[in-house]
Student: 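Below you'll find the structure I mean.
Chain A is the first sequence line, chain B the second, and so forth, proteins listed ahead of strands; every chain is numbered from 1. All heavy atoms count here, side chains included; hydrogens, waters and symmetry mates do not. Owing to the predicted nature of the structure, the values given are computational and were not obtained by experimental measurement.
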Amino acid sequence: MVPLRALASEKLDEFKRLARIGIKIVMSSGDYGSLDPELGKYDLIIATNEKADSLFRHSPPWVDRLSLVVADEIHLLGDPSRGPTLESILTRIKYLKLGVQILALSATISNAEEISGWLGADLVTSDWRPVPLKEGVFCRGSVTFIDGEVRQVPRSGSGDPVADLAVDAIKSGGQMLVFTGSRNSAVSLAKRLEGPVHRELSASERSRLRQISESILSLGERTKLTEKLARSVSCGVAFHHAGLTYPQRKAIEDSFRSSHIKCICATPTLAAGVNTPARRVLIYEYRRFEPGVGRVNIPVLEYKQMAGRAGRPKYDKIGEAIVFSRSEEEKDFLIEQYLLAKPEKVWSKLGVAPSLRSQVLAAVAMGLASSRAGVIDFFGESFCAYQYGLDSFKSSILESVSFLTKAGMLKEGKPGVVLEATALGKRVAELYIDPKSAEVILRALSLRRSGLPALSYLMLACHTPDMPKLYVRGKEVESLESYLESNSDLLLFEVPEEEFEREMVLSELKTAFLLEEWINETPEESIVEKFDIGSGDIYAYVESAKWILNAAHELARLMGYRESADPLKRLLIRVENGIREELLPLISLRGIGRVRARSLYSAGYRSIEDLKRASVSDLRRIPLIGPETVKLILEQIGGTLTKEEWSSVASGKGSRQLSIDDYGTR
DNA sequence: GTGCCTCTCATATAGACAGCATGTC
DNA sequence: CTATATGAGAGGCAC
């Protein structure tokens, strides 16, 4: 079990060598997976934590054949949003006494003993690193390492200390990875380094980088951010954050590993992600904004994760992690608080409401507990109970039970005695959404309203706690508020009285507007511009919306709310594809996605009926519709072809007049 | 009046997992 | 642990 999808595929690649000795390996994550029953055929399953949780919730037949569970990056236990998942899986394994060996791994943990105590595991520690690490602080032109060495950093002539550090690393054949506290600072720092880094490159490196830069531009739609990235890359520098699309990030990581890109300026995405080591790591900002708190110093644990990226196995004799300071006092502070400090203890976050209600439901739905006492007994095996004592969150557990009972997901036979999950509860546990989200959705759908616009459902989806929300700018508040006021009839929920929650609804509305633009086929570039986000963010919001809309559709079906089930299904398809209502009939055809559907539509084919009336040569003339696609279309609409038509379609010698190059997409 | 510099004030702020059923361009 | 870097706009000054 690993925390990221990218790590899962990285592990799959590593373990593939075992396939040669006949070991069968499979990877399973939300976006890439085999059918659950199939998994029993394999010797080794690599999964994300959440996927593993989800798999266990379906009680697959192969659970009792598990002999070893490996939990990678076990310090994630302390993450408020994702730790409880991992904790619950391990708690279940312990509670069921399956006799499974548990192997938990982490490079940055201070209370390892406590965790191994909870797991009933032996603690094995090691200081070994593939490449030794040297930690130091930069201050006014020199680096003070904690091993005593003080080193002057040669001036690069740019007058920029960060450039000095980068150029110094590059001159000796290394690379540098810079961690920053915000996206903007990653982008601007990369820009700052363009000139100095570019000067260090050979002619052949420059030309190779121009190619890479070109390929990054062609990776997706052209936006300002992409152009900035391409420009930086052509100089051997890149920035890296979640506003970039996945392919862009991958391209940068790969080009960095192949040493073409000399310097990456990144937000913490890269610290926890796939393996991208660099000879030198510079922690340029050790503070980060947190909503409601302001700027906070990052945890030592996070510093250690970033520092741990220093040193490429096989290439570097030593890795350097350097924290950037602006004054002597700051330097001393950093040495004390980070370099010489032990990572914080990992504290269980299972006791907090959102994750607890979800895990209480799962435990009952899986049949691990069948009474209030049983639920408490189950959580008695948790790390939370081990650490804080069961009494500390007993009342929270019971509150969750009450919430779930009231929401109709659990029911108690005799009051206080038998507890079981209702059909609804079981479905919610399987759909893997926050029970609170399910409650919000069900309350809205029980209004039994029909004829609602897409925006109503989008706003509902955005109103659930499972949906991430856009940040609302000060100057947008007024227009969002007035929209809300004059369109209150569209709402499927009450706008809360309380100030903070009211503001939250504005974020939800703004997020719903983003999704509305998406399904109205607004070009990516203008969405990005309008909402001041990156392309990568669009996909993140769309992914989440798909997720929650599917759950809403399933719930509508389960409850027999027919007036919502159909609109939700249609909306789901629109969100999945980013299409207007009018393309729905065409998109239902296999082989037709949003681009080809739009092409067919513009050519005058707006329904399956229209297509049935079309001749083969008519279809062949439509841009982006090739011989194979024509074949696919005809097979599906039950059109019949003459022998000549078949052969002309199959040989690809149609009367094709336009090619992809003649037409922009969208 | 114009151009340039400095000061003030408003503004925005990291990341990414999951269901289900099959293929985009 | 309710901050701070950034950038736009206002204001000041020399010409």
Side-chain angles (χ1 to χ4, degrees), chain A residues 1-8 28-31 33-36 47-55 57-58 76 79 81-86 179-189 220 240-243 246 249 266-273 285 287-299 302 355 358 427-434 437 466 468 471-476 532 536-537 539-541 543-544 546-555 572 576-578 587 589-599 623-626 628-629 632 660 663 665-666:
Chain A
M1 303 188 300
V2 293
L4 298 172
R5 298 198 283 231
L7 284 177
S28 182
S29 65
D31 62 338
S34 316
L35 297 167
D36 299 355
T48 52
N49 296 329
E50 284 74 10
K51 184 64 183 186
D53 184 15
S54 166
L55 289 173
R57 288 184 186 203
H58 288 81
L76 198 77
D79 184 289
S81 73
R82 302 189 54 205
T85 309
L86 184 53
F179 285 108
T180 63
S182 72
R183 292 180 179 187
N184 274 337
S185 115
V187 175
S188 61
L189 200 52
H240 187 288
H241 61 63
Y246 185 71
R249 283 194 257 175
T267 57
T269 4
L270 221 52
E285 283 160 14
R287 280 191 280 241
R288 195 173 50 238
F289 176 85
E290 259 178 44
V293 193
R295 279 182 96 82
V296 299
N297 293 346
I298 57 164
E302 216 168 281
S355 45
S358 178
R427 196 72 189 104
V428 171
E430 284 174 353
L431 287 170
Y432 211 80
I433 56 172
D434 184 339
S437 293
D466 277 311
Y471 186 92
V472 175
R473 289 161 171 69
K475 57 187 172 209
E476 295 168 335
D532 192 23
D537 297 300
Y539 294 113
Y541 289 109
E543 275 298 307
S544 297
K546 271 161 61 177
W547 171 254
I548 207 76
L549 284 170
N550 171 67
H553 171 241
E554 291 293 330
L555 290 174
L572 175 59
E576 268 171 351
N577 294 284
I587 206 100
L589 293 168
R590 200 156 36 86
I592 304 297
R594 109 190 147 180
V595 174
R596 284 179 182 147
R598 183 46 70 191
S599 188
L624 301 164
I625 308 292
E628 286 300 322
T629 312
L632 264 172
I660 294 175
Y663 256 69
T665 49
R666 287 203 129 183

Student: Write down the distance separating the P atoms in dC1(C) and dA12(B), rounded off to the nearest Å.
Tutor: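 The answer is 27 Å between these two P atoms.
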Student: Rounded to whole angstroms, how far apart are OH on Tyr246(A) and P on dT24(B)?
Tutor: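 One finds 21 Å between P of dT24(B) and OH of Tyr246(A), rounded.
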Student: Separation of Asn577(A) atom CG from dT22(B) atom P, in whole Å?
Tutor: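 So the CG-P distance, Asn577(A) to dT22(B), works out to 15 Å.
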Student: For Pro468(A), report the nucleic acid contact type (base, sugar-phosphate, nothing); a contact means any heavy atom under 4.0 Å.
Tutor: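 No contact.
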Student: How would you list, by chain and number, every residue that makes a salt bridge (Lys or Arg N to Asp or Glu O under 4.0 Å) with Arg183(A), sequence neighbours excluded?
Tutor: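 Arg183(A) satisfies salt bridge (Lys or Arg N to Asp or Glu O under 4.0 Å) with Asp537(A) only.
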Student: Name the pairing partner of dC17(B), where a pair is Watson-Crick or G-U wobble with both distances under 3.5 Å, or state none.
Tutor: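 Pairing partner, where one exists within any strand: none, as none qualifies.
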Student: Are the side chains of Leu7(A) and Thr48(A) in touch, meaning some heavy atoms are under 4.5 Å apart?
Tutor: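 No - every pair of side-chain heavy atoms lies 4.5 Å or more apart.
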Student: Let me know the distance between NZ of Lys546(A) and C1' of dA21(B), rounded to the nearest Å.
Tutor: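 Checked: the NZ to C1' distance equals 12 Å.
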Student: Kindly indicate whether the side chain of Glu554(A), heavy atoms from C-beta on, has any atom under 4.5 Å from the side chain of Glu430(A).
Tutor: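 A side-chain contact under 4.5 Å is absent here.
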Student: Using whole Å, what does the distance between atom P of nucleotide dA18(B) and atom CG of Leu86(A) come to?
Tutor: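 About 14 Å, once rounded to whole Å.
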Student: Categorize Ile433(A) for me: base, sugar-phosphate, or nothing, with a 4.0 angstrom heavy-atom threshold over every strand shown.
Tutor: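 The residue Ile433(A) makes no contact with any strand.
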Student: Could you tell me the boundaries of the chain A footprint on DNA chain C, defined by atoms under 4.0 Å from its heavy atoms?
Tutor: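 So the contact region on DNA chain C extends dC1(C) to dT4(C).
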Student: Using whole Å, what does the distance between atom P of nucleotide dT24(B) and atom CD of Glu576(A) come to?
Tutor: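 Atom CD in Glu576(A) sits about 10 Å away from atom P in dT24(B).
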Student: Is the closest side-chain donor-acceptor distance between Asp532(A) and Tyr471(A) under 3.5 Å?
Tutor: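 Side-chain D/A pair, Asp532(A) to Tyr471(A): absent.
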Student: Are Asp466(A) and Ser437(A) close enough that a side-chain donor and a side-chain acceptor fall under 3.5 Å?
Tutor: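 Present: a donor and an acceptor within the cut-off.
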Student: Identify the two heavy atoms, one from Thr180(A) and one from Ser185(A), that lie closest to each other, and give their separation to 0.1 Å.
Tutor: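 Looking at all heavy atoms of both residues, the shortest contact is CB-OG, 3.1 Å.
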Student: Which whole-number value in Å describes the distance from Tyr432(A) OH to dC17(B) C1'?
Tutor: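 Result: 7 Å.
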Student: Using salt bridge (Lys or Arg N to Asp or Glu O under 4.0 Å) as the criterion, list what pairs up with Asp79(A), not counting sequence neighbours.
Tutor: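 Partners of Asp79(A) by the salt bridge (Lys or Arg N to Asp or Glu O under 4.0 Å) criterion come out as none, since no residue qualifies.
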Student: May I ask you to say what Gly591(A) touches in the nucleic acid, namely base, sugar-phosphate or nothing, with a heavy-atom cut-off under 4.0 Å?
Tutor: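 Contact class for Gly591(A): sugar-phosphate only.
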Student: When you check the phosphate oxygens OP1 and OP2 of dA16(B), does a side-chain N or O of Arg5(A) lie under 4.0 Å from one of them?
Tutor: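 Arg5(A) to dA16(B) OP1/OP2: no side-chain N or O under 4.0 Å.
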Student: Output yes when at least one side-chain N/O atom of Thr85(A) is less than 4.0 Å from OP1 or OP2 of dA18(B), else no.
Tutor: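 Thr85(A) to dA18(B) OP1/OP2: no side-chain N or O under 4.0 Å.
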Student: Anything under 3.5 Å between a protein N or O and an N or O of nucleotides 10-15 of chain B, put it in a table, one pair a line.
Tutor:
{"residue": "dA12(B)", "atom": "OP1", "partner": "Arg473(A)", "partner atom": "NE", "Å": "3.2"}
{"residue": "dA14(B)", "atom": "OP1", "partner": "Arg183(A)", "partner atom": "N", "Å": "2.8"}
{"residue": "dA14(B)", "atom": "N1", "partner": "Arg288(A)", "partner atom": "NH2", "Å": "3.4"}
{"residue": "dG15(B)", "atom": "OP1", "partner": "Ala242(A)", "partner atom": "N", "Å": "2.6"}
{"residue": "dG15(B)", "atom": "OP1", "partner": "Thr267(A)", "partner atom": "OG1", "Å": "3.1"}
{"residue": "dG15(B)", "atom": "OP2", "partner": "Arg183(A)", "partner atom": "NE", "Å": "2.8"}
{"residue": "dG15(B)", "atom": "OP2", "partner": "Arg183(A)", "partner atom": "NH2", "Å": "2.8"}

Student: Could you check whether Glu554(A) gets within reach of a base, just the sugar-phosphate, or nothing at all, counting any heavy atom under 4.0 Å?
Tutor: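 No contact at all - Glu554(A) keeps every heavy atom at 4.0 Å or more from the nucleic acid.
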Student: Applying a 4.0 Å non-hydrogen cut-off, can you work out what Arg427(A) is touching in the nucleic acid: base, sugar-phosphate, or nothing?
Tutor: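 Touches sugar-phosphate only.
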Student: Stems involving DNA chain C: give each as a range paired with a range, ordered by first number, where a stem means at least three consecutive Watson-Crick or G-U wobble pairs under 3.5 Å.
Tutor: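 As far as DNA chain C goes, consecutive pairing (with distances under 3.5 Å) yields the stems B:1-13 with C:3-15.
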Student: Under the rule for salt bridge (Lys or Arg N to Asp or Glu O under 4.0 Å), what residues qualify as partners of Glu576(A), not counting sequence neighbours?
Tutor: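 Glu576(A) satisfies salt bridge (Lys or Arg N to Asp or Glu O under 4.0 Å) with no other residue.
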Student: Find the distance between CG (Leu270(A)) and NE2 (His241(A)) and round it off to the nearest 0.5 Å.
Tutor: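 These two atoms lie 12.0 Å from each other.
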Student: Any idea which heavy atoms bring Gly181(A) and Glu285(A) closest together, and the distance?
Tutor: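 The answer is N-OE1, 2.6 Å.
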Student: Let's test this: given Watson-Crick or G-U wobble pairing with both distances under 3.5 Å, identify the partner of dG23(B).
Tutor: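 Pairing partner: none.
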Student: Nearest to the Asn550(A) side chain among dA16(B), dG19(B), dC25(B), which nucleotide is it?
Tutor: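 Closest of the options to the side chain of Asn550(A): dG19(B).
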Student: What is the distance, rounded to the nearest whole Å, between atom CG of Asp53(A) and atom P of dA18(B)?
Tutor: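 In whole Å, dA18(B) P and Asp53(A) CG are 11 Å from each other.
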Student: What are the two closest non-hydrogen atoms of Tyr432(A) and Thr85(A), and how far apart are they?
Tutor: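 That closest heavy-atom pairing would be OH-CG2, 3.4 Å.
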Student: Quote, to the nearest angstrom, the P distance that separates dA14(B) from dT6(C).
Tutor: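 dA14(B) and dT6(C) have their P atoms separated by 14 Å.
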Student: What is the minimum heavy-atom distance between Met1(A) and Ala52(A), and which atoms define it?
Tutor: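 Looks like SD-CB, 3.6 Å.
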Student: In whole angstrom, give the distance that lies between atom OH of Tyr541(A) and atom P of dA18(B).
Tutor: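 About 19 Å, once rounded to whole Å.
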Student: Please report the closest heavy-atom contact between Tyr246(A) and Ala6(A), naming both atoms and the distance.
Tutor: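 Shortest heavy-atom contact: OH-CB, 4.1 Å.
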Student: So does Ser54(A) get a side-chain nitrogen or oxygen closer than 4.0 Å to the phosphate oxygens (OP1/OP2) of dG19(B)?
Tutor: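 Looking at the OP1 and OP2 atoms of dG19(B), one of them is under 4.0 Å from a side-chain N or O of Ser54(A).
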